[in-house]
Amino acid sequence: MQDEYFPDVVGSDGMDFGKAVCIITGASKGFGRCLAKEIALLLKPGSVFVLVARSGDKLRDLQAELAATRAGKAGLITRCVVADLGVKDDVERVIQEIREAASDTDIDQLLLIHNAGSLGDISRYAKSFTDLHEVNAYLSFNVSSALSLTAGVLEVFSRRQGLRRCVVNVSSLCALKPFPSWVLYCTGKAARDMMFRVLAEEEPNIRVLSYAPGPLDTDMQVEARTSSADAGLKKSFSVMHSQGGLLTCEESCSKLLKVLLKDEYPSGTHLDFYDL
Ligand SMILES: NC(=O)c1ccc[n+]([C@@H]2O[C@H](COP(=O)([O-])OP(=O)(O)OC[C@H]3O[C@@H](n4cnc5c(N)ncnc54)[C@H](OP(=O)(O)O)[C@@H]3O)[C@@H](O)[C@H]2O)c1
């Protein structure tokens, strides 16, 4: 069966991720869901997916869809972890699930994709964020959990001969450029980029990439064009939408997977869809 999600550029030259454990946060919808479907086609039998999000029903739908694909029929194992990554116990549960997934497989590749993210309250300006708990809750999910999860996963998959380890941070132009009324999002994305640059410096044997996927036609974009407090920004997102300027998740995913498979990027770098 020819899978409908199979991108024309990826995998066509015979490259794949081998037998892997692939962890994707925010896999229930949008870019994360698309990544899961396309990566599934690039995994060797016996590979394991660990898919994380809060929406268990959507994760299980995806699990069923994957099971029906060529990869699923060839023995891809998918584990769903329903977790709120802003909550300590949930992050620990994700790591525990990954530990269990790791115990019954001997793999060539670890692929950890930090895709889950949120905009925070973009209907207000920086000067209104007086509530420390609100700011901490945002950073806990969007920044702190990415570090704790990475550290937990690297503990499970420590360095060994023949194991390639790759960590992808789904970033944004907002990591580099200030967007008015997006103080939490810009702060979080900038912090995450630096976090993964430090990781790349410290761990030369781990491949680390921050990838800005471009403006994607997802629920996050709906929120951007309806809720941004800054009128100019709100308008530019609406115009982008009405004039067909948004990318499909498949387009952006395809570029990311090409970069990962080619494996020539400097570890720790920030790459944007439009740079490639
Ligand atoms: N869309 C864009 O234009 C754009 C542009 C640049 C960068 N990005 C980045 O690309 C990534 C994916 O964005 P998207 O557009 O696909 O967003 P989306 O459609 O809003 O999906 C976000 C994903 O994150 C999960 N998530 C949200 N809160 C969570 C939590 N507390 N715990 C665990 N999972 C949580 C959601 O699942 P549940 O709700 O089920 O938990 C969902 O699967 C994000 O990192 C985003 O910042 C997006």
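A quick note: this is a predicted structure, and the numbers were derived from the prediction, not measured. For this chain, numbers begin at 1 and follow the sequence in order. Order of appearance sets the numbers: ligands from 1, and atoms from 1 within every ligand.
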- Measure the distance from atom 22 (C) of ligand 1 to every protein heavy atom, then report the residue, atom name and distance (to 0.1 Å) of the closest one. Gly117 O, 3.9 Å

- Does Ser171 have a heavy atom less than 4.0 Å from any atom of ligand 1? yes

- Salt-bridge contact Arg160-Asp106 (side-chain N to carboxylate O under 4.0 Å): yes

- Query: Which heavy atom of the protein is the closest neighbour of atom 39 (O) of ligand 1, given with residue, atom name and distance?
  - Reply: Arg54 NH2, 2.9 Å

- salt bridge (charged side-chain N to carboxylate O under 4.0 Å, His left out) partners of residues 198-207, not counting sequence neighbours, each pair once: Arg207-Asp263

- Message: With nothing but distance in play, are any N or O atoms of Ser172 less than 3.5 Å from an N or O of ligand 1?
- Response: no

- Task: Before accepting this row, confirm whether a basic side-chain N of the pair Asp90/Arg93 lies closer than 4.0 Å to the acidic partner's carboxylate O.
- Result: yes

- Determine whether any heavy atom of Lys58 lies closer than 4.0 Å to an atom of ligand 1. no

- Task: Considering only non-hydrogen protein atoms, determine which one is nearest to atom 15 (O) of ligand 1 and report residue, atom name and distance to 0.1 Å.
- Result: Thr218 OG1, 2.5 Å

- Message: Using a 4.0 Å cut-off to any heavy atom of Val170, which atoms of ligand 1 qualify?
- Response: 9 (C), 10 (O), 11 (C), 45 (O)

- Query: Can you tell me which residue and heavy atom of the protein come closest to atom 36 (C) of ligand 1, and the distance to 0.1 Å?
  - Reply: Ser28 OG, 3.8 Å

- Item | Any donor-acceptor pair under 3.5 Å from Ser267 side chain to Val208 backbone | yes

- Message: Between Glu251 and Lys255, does any NZ, NE, NH1 or NH2 come within less than 4.0 Å of an OD or OE carboxylate oxygen?
- Response: no

- Query: Is there a donor-acceptor pair under 3.5 Å between the side chain of Ser210 and the backbone N or O of His270?
  - Reply: no

- Item | Sub-3.5 Å N/O-N/O distance, Gly86 and ligand 1 | no

- Item | Atoms of ligand 1 close to Gln221 [distance to a heavy atom under 4.0 angstrom, numbered from 1] | 3 (O)

- Query: Has ligand 1 got any nitrogen or oxygen that is less than 3.5 angstrom from a nitrogen or oxygen of Ser55?
  - Reply: yes

- Query: Tell me: protein heavy atom nearest atom 18 (P) of ligand 1, and distance?
  - Reply: Lys29 CE, 3.9 Å

- Query: Would you say Leu85 and ligand 1 have an N/O pair spaced under 3.5 Å apart?
  - Reply: yes

- Message: Considering Ala83, Gly26, Gly214 one by one, which has a heavy atom nearer to atom 33 (C) of ligand 1 than any of the others?
- Response: Ala83

- Query: Between the side chain of Ser103 and the main-chain N/O of Glu100, is any donor-acceptor distance below 3.5 Å?
  - Reply: yes

- Would you find a donor on one side and an acceptor on the other, under 3.5 Å apart, between the side chain of Asp275 and the backbone of Leu271? no

- Counting from 1 in the order shown, the ligand 1 atoms closer than 4.0 Å to a non-hydrogen atom of Met220 are 1 (N), 15 (O), 17 (O), 20 (O), 46 (C), 47 (O), 48 (C)

- Message: Please determine whether any non-hydrogen atom of Asn115 lies less than 4.0 Å from an atom of ligand 1.
- Response: yes

- Item | Numbered atoms of ligand 1 (with element) below 4.0 Å of Gly30, judged on heavy atoms | 16 (O), 19 (O)

- Checking Ser181 side chain against Arg124 main chain: does a donor-acceptor pair fall under 3.5 Å? no

- Is Lys189 near ligand 1, meaning one of its heavy atoms is under 4.0 Å from it? yes

- Message: Judged on heavy-atom distance to atom 8 (N) of ligand 1, which of Phe273, Phe237, Phe141, Tyr185 sits nearest?
- Response: Tyr185

- Task: Scan side-chain atoms only and decide if Arg192 and Asn142 contain a donor-acceptor pair under the 3.5 Å cut-off.
- Result: no

- Query: Within the distance-only criterion (no hydrogens, no angle test), does the side chain of Ser252 pair as donor or acceptor with the backbone N or O of Cys249 below 3.5 angstrom?
  - Reply: no

- Query: Quick check: does any side chain N or O of Ser28 sit under 3.5 Å from a backbone N or O of Lys58, one acting as donor and the other as acceptor?
  - Reply: no

- Where the side chain of Thr69 meets the backbone of Leu66, is there a donor-acceptor pair that is under 3.5 Å apart? yes

- Pull out every atom of ligand 1 sitting under 4.0 Å from any heavy atom of Pro215, numbered as shown with elements. 3 (O)

- Classify the contact between Phe31 and ligand 1 as side chain, backbone, both or neither, using a heavy-atom distance cut-off of under 4.0 Å. both

- Message: Does only the side chain of Ala212 get under 4.0 Å from ligand 1, or the backbone, or both, or neither? Count heavy atoms.
- Response: neither

- Item | Short side-chain to backbone donor-acceptor contact, Tyr138 and Ser118, under 3.5 Å | yes

- Between Pro213 and ligand 1, which residue portion shows a heavy-atom distance shorter than 4.0 Å: side chain, backbone, both, or neither? side chain

- Closest protein heavy atom (residue, atom, distance) for atom 2 (C) of ligand 1: Leu216 N, 3.5 Å

- Message: Tell me whether Val87 shares a hydrophobic cluster with Val94, the cluster being built from Ile, Leu, Val, Met, Phe, Trp, Tyr side chains joined at under 4.5 Å.
- Response: no

- Item | Atoms in ligand 1 with a heavy atom of Asp84 nearer than 4.0 Å | 30 (C), 31 (N), 32 (N)

